[in-house]
2 protein chains.
Amino acid sequence: MPLHPASGRKRPPALRDVAELAGVSIKTVSNVVNDYPHVKDSTRETVREAILQVGYRPQAAAQQLRTGASKMITLAVPALTFSYFSDLAQQFIDEAQRRGQTVVLHSTSGGREAERTVLEGFNRVVGDGVIFNPLLIEEEVFARMEQTTQPTVFIGEHLPEKLPHGSDYVRIDNAAAAFDATTHLLESGRRRIAFLGAIATKHGLQPHSSGSLRRDGYVAALEEHGVEPDAGLVQAVDDWHRHDGFTGAQDLMARHPDLDAIVCGNDDLAIGVLAHLRRLGRRVPQDIAVIGYDDTPDAPFASPPLSTISPDKHALAATALDLLTERIQGFDGPPRIADTPYSLVIRESTDRAAGDHAPTTPSSTAPTAPTAPCLEELPR
Amino acid sequence: MPLHPASGRKRPPALRDVAELAGVSIKTVSNVVNDYPHVKDSTRETVREAILQVGYRPQAAAQQLRTGASKMITLAVPALTFSYFSDLAQQFIDEAQRRGQTVVLHSTSGGREAERTVLEGFNRVVGDGVIFNPLLIEEEVFARMEQTTQPTVFIGEHLPEKLPHGSDYVRIDNAAAAFDATTHLLESGRRRIAFLGAIATKHGLQPHSSGSLRRDGYVAALEEHGVEPDAGLVQAVDDWHRHDGFTGAQDLMARHPDLDAIVCGNDDLAIGVLAHLRRLGRRVPQDIAVIGYDDTPDAPFASPPLSTISPDKHALAATALDLLTERIQGFDGPPRIADTPYSLVIRESTDRAAGDHAPTTPSSTAPTAPTAPCLEELPR
DNA sequence: AGCCAGTTCTACAACGTTGCAATAACCTTT
DNA sequence: AAAGGTTATTGCAACGTTGTAGAACTGGCT
């Protein structure tokens with residue numbers, strides 16, 4: 001029972017222990033482990049046995065120290081309690097696993113300090129690069145950064161004017177998506193359309209947050225269709241949880257009982273909105289339409305099933321990992337920006353003819369879910 | 001621009017670089033970084049400046065190699081697309097962050113192979129210990145394991161007869177919780193109570209899965225109240241997603257239109273069930289009661305708000321980390337089993353008098369959610 | 001001056017791994 | 001039987017860090 005010199009704890013088996021047992025050099029064992037071709041078959045066999053016998057497994061730390069690469073990447077998102085981020089995290093984990101990488105997960109829990117820590121490279125180096133979805137961090141903090149301290153890919157909507165050197169950015173064109181969502185409502189005849197989701201918090205308004213971008217798309221669509229935007233129809237919320245949707249709808253409906261549609265900043269908000277409308281006795285979609293954003297797993301099971309913008313999370317994850325990998329492998333060009341596709345998913349919550357047809361397949365993103373004998377339409 | 005000898009990539013600043021700039025020894029810099037007390041104030045200052053100037057950050061890998069500890073722990077769960085697991089993961093991340101630890105997240109995505117990989121210690125050592133929530137792994141695989149290859153804490157319900165040496169187990173008494181849930185229904189006068197959630201898949205039935213334990217509690221409660229359990233009222237499902245709840249309810253209601261309550265294996269299933277009942281025009285809770293398990297963030301926003309078993313996820317995470325930390329610090333006693341509390345949360349879906357009172361506060365688990373000016377009751 | 005007790009700083013070694021270069025063993029071919 | 005080539009194996013050094021032990025100072029006391 002060998003002890004670690006510094007800690008006094010049991011030391012896990014190392015190459016040395018295998019080598020001793022197999023009667024070969026440490027390097028030979030290393031060669032076997034790494035499938036180096038020039039090893040005699042008989043030796044390889046002996047070593048393999050010894051490995052099993054002592055239960056050897058390579059120490060990632062030593063490999064990283066020696067090779068300079070850890071095959072680990074850090075993913076920093078606000079909080080897994082948002083279904084959008086837990087879905088997204090799952091995509092990253094799967095995609096990384098496919099590439100032989102391991103994901104270290106950091107949650108900034110929406111705290112500005114936590115985000116700054118991420119941006120400044122944490123307090124220690126762990127992993128080869130970072131994928132970071134900021135929410136709150138101020139633009140000026142970005143601006144001050146001349147360059148990143150390790151390969152970094154930003155995701156999300158918090159676009160700074162100028163990315164730090166050494167970083168890339170993968171986004172979804174939020175304004176365009178919100179434009180499409182709003183256009184869909186306009187084309188189905190809605191005219192009094194509210195927007196729920198501008199963030200006005202104790203922290204002050206976020207100029208580049210997804211809320212503002214989506215609102216811009218909403219406004220643009222109205223203008224394009226000759227509908228005068230009304231600032232009173234843009235409802236601020238404290239946060240983007242279901243709960244905020246509920247109270248937001250409360251405010252909105254009290255002030256504007258004549259609304260015939262609400263564009264929501266995300267699905268969680270929309271689900272809260274639906275809950276309030278149900279309470280008011282407003283029928284969705286007959287009296288009022290509701291559309292969300294994110295296509296969370298809840299959306300098809302909301303009552304009624306929720307129309308929404310469905311970002312291609314898989315493409316987002318894959319693209320971000322591609323860019324990050326290039327950075328890790330030494331690419332040192334200027335910051336790149338990649339746009340990722342999205343689609344408009346129309347379900348019952350915006351479909352006036354609902355209940356008559358609409359065989360919508362809920363798009364399940366769960367990896368193990370069967371391909372769905374599925375749920376056609378759900379009554380409200 | 002120093003290159004890494006083995007990879008040819010840029011080498012991040014190390015203690016050496018700081019030492020050179022500050023004109024002191026490497027060890028002195030190390031002492032400053034680690035707040036060793038016997039350092040002259042002036043020296044400390046010089047070194048601090050040099051650290052900032054070169055942008056030094058400690059390399060976790062080298063620390064781990066030297067000290068034998070990485071301050072990282074691995075969390076392996078089936079999939080973050082289940083709200084239960086994303087909530088739980090968030091709890092672990094927060095709690096670990098509070099203890100200065102970082103979480104490496106593995107997703108087994110329900111695959112048996114992936115789970116076996118976790119159990120066998122992955123292919124390389126990363127982090128100081130593992131928290132593992134198995135779903136599918138066979139009991140015999142556990143039984144064969146004499147001892148774990150690194151400190152391990154199991155969570156979840158898949159209790160093997162005998163834990164491997166070096167591991168602990170934190171669980172929630174599933175049978176008791178399901179017993180309580182069922183008793184609640186019985187006491188409010190329900191008699192034709194079905195159970196949805198036994199897993200019967202291509203993989204075969206899972207003897208120790210949470211589904212079976214919960215079913216056992218359900219059966220026990222019926223017996224205790226003199227209600228004859230009816231095997232026909234136990235409905236198997238392929239998986240535990242909302243979708244499966246929908247189709248499961250379909251089967252169940254077709255065969256037993258007279259049901260007056262359904263106990264669901266988890267909240268996602270229950271939400272699917274609610275969707276189907278709405279479609280059938282059954283009123284919940286007047287005609288039929290539905291109760292879930294997990295208290296996911298959706299539950300209070302379901303229509304109607306869902307009664308459920310609320311496991312104390314925070315206690316679960318904290319306990320698991322406590323036990324794991326003890327193992328990491330050298331505790332080598334026999335396997336321990338810890339039970340974690342749960343509570344029965346009664347919302348509208350099981351409350352016959354619903355709509356009249358019931359000022360239920362949705363228990364939001366989101367870290368940033370305000371303490372709720374809240375949603376009283378929601379109409380169905 | 002000489003000595004001790006503290007404080008401040010440093011040299012060394014080792015953690016487990018792998019790239020490099022060198023050696024040793026083995027076959028061919030002359 | 002020696003030269004040349006290929007295959008198999010190995011020793012060395014270094015990645016960045018920190019525990020240990022000890023050296024070099026400082027100041028206060030006899």
Side-chain angles (χ1 to χ4, degrees), chain A residues 2-20 22-47 50-51 54-71 123-126 128, chain B residues 2-20 22-47 50-51 54-71 123-126 128:
Chain A
L3 295 190
H4 194 102
S7 71
R9 287 210 299 284
K10 269 208 307 278
R11 184 177 60 70
L15 286 178
R16 164 167 28 108
D17 304 304
V18 179
E20 238 161 66
V24 297
S25 80
I26 289 176
K27 193 64 223 290
T28 297
V29 181
S30 170
N31 286 339
V32 171
V33 171
N34 296 327
D35 287 324
Y36 178 74
H38 298 306
V39 178
K40 215 198 305 173
D41 283 351
S42 63
T43 317
R44 194 190 307 276
E45 214 33 62
T46 319
V47 171
I51 287 177
V54 306
Y56 167 79
R57 283 172 309 134
Q59 308 262 2
Q63 290 179 320
Q64 173 171 14
L65 186 57
R66 179 62 239 248
T67 63
S70 66
K71 286 161 165 286
N123 32 11
R124 53 183 192 147
V125 180
V126 53
D128 304 329
Chain B
L3 295 189
H4 194 103
S7 71
R9 286 209 299 282
K10 269 206 309 279
R11 184 176 62 69
L15 287 178
R16 164 164 31 103
D17 304 302
V18 179
E20 238 160 68
V24 296
S25 80
I26 289 177
K27 191 65 222 285
T28 297
V29 181
S30 169
N31 286 338
V32 171
V33 171
N34 296 328
D35 288 323
Y36 179 73
H38 299 305
V39 178
K40 217 199 301 173
D41 282 351
S42 63
T43 316
R44 194 189 306 277
E45 214 34 60
T46 319
V47 171
I51 286 177
V54 306
Y56 168 78
R57 284 172 308 134
Q59 307 261 8
Q63 290 179 319
Q64 173 172 13
L65 185 57
R66 179 61 237 242
T67 64
S70 65
K71 285 164 166 286
N123 32 9
R124 54 182 192 149
V125 181
V126 51
D128 304 331

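Since the structure is predicted, the reported quantities are computational estimates derived from the model, not experimental observations. Lettering follows sequence order; numbering is per chain, from 1.
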For the pair Y56(A) and V33(A), evaluate side-chain contact (heavy atoms from CB on, under 4.5 Å) and give the outcome as yes or no after the intermediate values.
CA-CA 10 Å; Y56(A) 167 79; V33(A) 171; 4.0 Å; yes
How close do [X] and [Y] get, counting heavy atoms only, and between which atoms?
| X | Y | result |
| --- | --- | --- |
| D128(B) | K71(B) | OD2-N, 2.9 Å |
| A62(A) | L65(B) | CB-CD1, 3.8 Å |
| R57(A) | R124(B) | NH1-O, 3.9 Å |
| A60(A) | V126(B) | CB-CB, 4.3 Å |
| V18(A) | A50(A) | CG1-CB, 3.8 Å |

Using atom [atom1] of [X] as one end and atom [atom2] of [N] as the other, report the distance to the nearest whole Å.
| X | N | atom1 | atom2 | answer |
| --- | --- | --- | --- | --- |
| R124(B) | dT18(C) | CZ | P | 11 Å |
| R66(B) | dA14(C) | CZ | C1' | 6 Å |
| K71(A) | dT17(C) | NZ | P | 16 Å |
| I51(A) | dT17(C) | CD1 | P | 10 Å |
| L65(A) | dG19(C) | CG | C1' | 14 Å |

Expected rows: protein N/O vs nucleotides 6-11 of chain D N/O, under 3.5 Å:
unit_1	atom_1	unit_2	atom_2	d
dT9(D)	OP1	T43(A)	OG1	2.4
dT9(D)	OP2	K40(A)	N	2.8
dT10(D)	OP2	S25(A)	N	3.0
dT10(D)	OP2	S25(A)	OG	3.1
dT10(D)	OP2	T28(A)	OG1	2.4

Could you walk me through whether T46(B) and V24(B) pass the side-chain contact (heavy atoms from CB on, under 4.5 Å) check?
CA-CA 9 Å; T46(B) 319; V24(B) 296; over 6 Å; no
With five pairs defining each end axis, the helix from dA1(C)-dT30(D) to dT30(C)-dA1(D) comes out bent, to 10°, by 60°
Under 4.0 Å from OP1 or OP2 of [N]: is there any side-chain N or O of [X] that close?
| X | N | value |
| --- | --- | --- |
| R11(A) | dC15(C) | no |
| S30(A) | dT18(C) | yes |
| Q59(A) | dC15(C) | no |
| R16(A) | dC15(C) | yes |
| Q64(A) | dC15(D) | no |

So, do V54(B) and E20(B) sit near enough that their side-chain heavy atoms are less than 4.5 Å apart?
no
Set of side chain to side chain contact (heavy atoms under 4.5 Å, CB included) partners for R44(A), sequence neighbours left out:
V32(A), V39(A), D41(A), R48(A)
